[in-house]
Number of protein chains: 2
Amino acid sequence: MKNKLKVLRAEHNLTQEQLAKAVEVSRQTINAIEKEKFDPSLMLAIKLARLFKTEIESIFIYAKD
Amino acid sequence: MKNKLKVLRAEHNLTQEQLAKAVEVSRQTINAIEKEKFDPSLMLAIKLARLFKTEIESIFIYAKD
DNA sequence: TGATAATGTCAAGTTTATTTTACATTTTTT
DNA sequence: AAAAAATGTAAAATAAACTTGACATTATCA
């Protein structure tokens, strides 16, 4: 699954640390998601979408097969 | 986190087994999510929203605090 | 009513998300 | 250029999602 977190974060002028705090996870979690080491939980995805006032699907792009 | 899976599944006339197959998880996973034992992964949530042609947020409702 | 399908649930195991700690590298600021 | 801030990364531990298999209960149907 691909994602646009890094771009969104840049657009909003946030550090990984600040974003992490805003959605209540560790900085390493944000980093790992940006680096696409793993996908966020549904709850974290919802929090991120809310924060950036956008759709989950426009942040996290999953193309089937 | 609350969800409307059971209702959606009923509206679409699907058994847990059929739904499980459609989104490629086990029947027990569907059952556990309906019973709110745990939340789906982001990928599974996306698949379910696609299948039911609706928004993730209208299936899975997370109220903060 | 008796058979069959559907659902609920449990245990044990695997995989994935997330944490903490720690340190190295890169970027920004003074 | 030196200091400080931000990012990348890794290991070890924990928690959560998910699997398979098995069985019990409930609903549907012939």
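Below, read A as the first sequence line, B as the second, and so on, with proteins coming before strands; counting in each chain starts at 1.
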Worksheet entry | Interatomic distance where CD belongs to B:Glu36 and P belongs to D:dC18 [whole Å] | 15 Å
Worksheet, complete the sentence: Between B:Met43 and A:Tyr62 the two heavy atoms that sit nearest each other are CE-OH, 3.7 Å
Fill in: Most 5' of A:Ser26 and B:Lys37 on DNA chain C, judged by nearest nucleotide
B:Lys37
Fill in: Shortest non-hydrogen separation from B:Leu5 to B:Ile59 and the atoms involved
N-CG2, 4.4 Å
Discussion item. So, OP1 or OP2 of D:dC18: does either fall under 4.0 Å of a side-chain N or O from B:Thr29?
Written reply: no
Worksheet entry | d(CG, B:Asn31; P, D:dA17) in whole Å | 15 Å
Worksheet item: Rounding to a whole Å, what distance do you find between B:Lys21:NZ and C:dT7:C1'?
Response: 17 Å
Response to the item:
Considering only heavy side-chain atoms of A:Glu34, the closest of C:dT18, D:dG8, D:dC23 is D:dG8
Item to complete: Show your working on salt bridge (Lys or Arg N to Asp or Glu O under 4.0 Å) between B:Glu36 and B:Lys2 and close with a plain yes or no.
Response: CA-CA 7 Å; B:Glu36 292 174 2; B:Lys2 286 182 58 184; over 6 Å; no
Discussion item. Taking 4.0 Å as the cut-off, does a side-chain nitrogen or oxygen of B:Arg9 come that near to OP1 or OP2 on C:dT7?
Written reply: yes
Practice prompt. Select one nucleotide: of C:dT18, D:dG8, D:dC18, the one nearest the side-chain heavy atoms of B:Leu44.
Written response: D:dC18
Worksheet item: What's the CD-C1' distance between B:Glu17 and D:dT20, to the nearest Å?
Response: 13 Å
Discussion item. For A:Asn31, run the side chain to side chain donor-acceptor pair (under 3.5 Å) check against A:Lys37, A:Gln16, A:Glu17, A:Lys6 and tell me which one passes.
Written reply: A:Gln16
Worksheet entry | Contact summary for B:Ala49 and A:Glu57, nearest pair of heavy atoms | CB-OE2, 4.3 Å
Discussion item. Distance check, rounded to the nearest 0.5 Å: A:Leu19 atom CG versus A:Asn13 atom CG?
Written reply: 12.5 Å
Discussion item. Measure CG/B:Leu42 against P/C:dT18 and give the value in whole Å, please.
Written reply: 10 Å
Worksheet item: According to a strict under-4.0 Å criterion, is A:Thr15 in side-chain N/O contact with OP1 or OP2 of D:dA5?
Response: no
Worksheet item: What's the CG-C1' distance between B:Leu48 and D:dC18, to the nearest Å?
Response: 14 Å
Response to the item:
the helix from C:dT1-D:dA30 to C:dT30-D:dA1: angle between terminal helix axes, five bp per end, to the nearest 10 degrees, reads 50°
Worksheet item: For A:Gln18 and D:dA6, is the shortest distance between a side-chain N/O and OP1 or OP2 below 4.0 Å?
Response: no
Worksheet item: Got a donor-acceptor pair under 3.5 Å from the side chain of B:Gln28 to the base of D:dG21?
Response: yes
Worksheet item: Of the non-hydrogen atoms in B:Pro40 and A:Leu42, which two are nearest, and what is the gap between them?
Response: O-CB, 3.5 Å
Worksheet entry | Whole-Å distance separating the NZ atom of B:Lys35 from the P atom of D:dT26 | 11 Å
Item to complete: Would you indicate, yes or no, if D:dG8 has its OP1 or OP2 atom less than 4.0 angstrom from a side-chain nitrogen or oxygen of A:Lys6?
Response: yes
Worksheet item: Tell me: CD1 of B:Ile30 to P of C:dA6, nearest whole Å?
Response: 15 Å
